[in-house]
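First the structure, in the form of structure tokens, and then the observations on it.
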Amino acid sequence: MAFVSLFFIFLLWPVWIVMIALAFILPWLGVALTTVAAVLLAANAGFLAVLLFARHKWKAMGKLDKAYIDGFQGWKRYALLAVKLLLTAGVIWELLVVLVCAGLLILQPWNAVLP
């Protein structure tokens, strides 16, 4: 188990460096926390729009229907099922991220902690 933990620590070292850098830089800049939340909100809202558009097009063409997917065998059927699952789960995930970012921008809970 320790090997797996060390493996992920060494595998994800760029993420750790960025997180540590942000932890030191963002409080020093002060306003950067709202800037990061706004950038994340804009990027995720754009990606949510792309996912909703793709899901709408696939549904309009009937490619997400059970009868259409069941008409295929093998890897193509599993690929269509995966796309159907990812389009649904992706929309839900992006919606949650957009709501959290919007909530952070509206409530700004870090203003109570930071000077």
Side-chain angles (χ1 to χ4, degrees):
M1 191 62 148
F3 173 75
V4 173
S5 299
L6 288 175
F7 176 74
F8 281 115
I9 288 172
F10 289 117
L11 181 70
L12 299 174
W13 68 269
V15 175
W16 295 112
I17 290 174
V18 170
M19 286 174 48
I20 291 170
L22 286 176
F24 284 110
I25 293 171
L26 290 180
W28 181 69
L29 294 176
V31 78
L33 292 173
T34 52
T35 306
V36 169
V39 169
L40 286 175
L41 176 64
N44 285 306
F47 192 62
L48 176 63
V50 169
L51 281 175
L52 285 172
F53 179 74
R55 190 170 191 278
H56 172 72
K57 285 294 185 185
W58 274 59
K59 269 189 104 115
M61 291 187 305
K63 291 187 177 182
L64 294 181
D65 294 337
K66 185 170 174 34
Y68 178 78
I69 293 173
D70 288 341
F72 293 97
Q73 296 293 326
W75 68 270
K76 194 163 187 177
R77 180 175 184 268
Y78 292 120
L80 287 170
L81 285 171
V83 167
K84 181 179 179 178
L85 177 71
L86 288 175
L87 281 176
T88 304
V91 166
I92 293 169
W93 174 257
E94 287 299 320
L95 185 63
L96 286 173
V97 171
V98 166
L99 289 175
V100 167
C101 288
L104 286 175
L105 283 175
I106 292 170
L107 300 176
Q108 295 186 1
W110 49 77
N111 283 345
V113 179
L114 295 176

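Residues passing the side-chain hydrogen bond (donor to acceptor under 3.5 Å, both in side chains) test with Asp70, sequence neighbours excluded: Lys66, Arg77. Considering only residues two or more places apart in sequence or on other chains, Val91 meets the side-chain contact (heavy atoms from CB on, under 4.5 Å) condition with Leu48, Leu51, Leu52, Arg55. Listed by chain and number, the residues in a ring-ring contact (aromatic ring centres under 6.0 Å, His included) with Tyr68 are Phe72 (sequence neighbours excluded). For Leu99, the side-chain contact (heavy atoms from CB on, under 4.5 Å) test picks out Leu95, with sequence neighbours left out. Judged as a ring-ring contact (aromatic ring centres under 6.0 Å, His included), and not counting sequence neighbours, Tyr78 has no contacts.
Linking Ile, Leu, Val, Met, Phe, Trp and Tyr residues whenever their side-chain heavy atoms come within less than 4.5 Å places Phe47 and Leu105 in a single cluster.
Atom CG of Leu64 sits about 6.0 Å away from atom CD1 of Ile69, to the nearest 0.5 Å.
Taking Ile, Leu, Val, Met, Phe, Trp and Tyr as hydrophobic and joining them when side-chain heavy atoms fall under 4.5 Å apart, one finds Leu85 isolated, its cluster having no other members. Residues Trp93 make up the rest of the hydrophobic cluster containing Val97, defined by ILVMFWY side-chain heavy atoms closer than 4.5 Å, directly or through other members.
For Ala54 against Leu87, the heavy-atom pair with the smallest separation is CB-CD2, 4.4 Å. Counting all heavy atoms, side chain and backbone alike, Cys101 lies closest to Leu40 at SG-CB, 3.8 Å.
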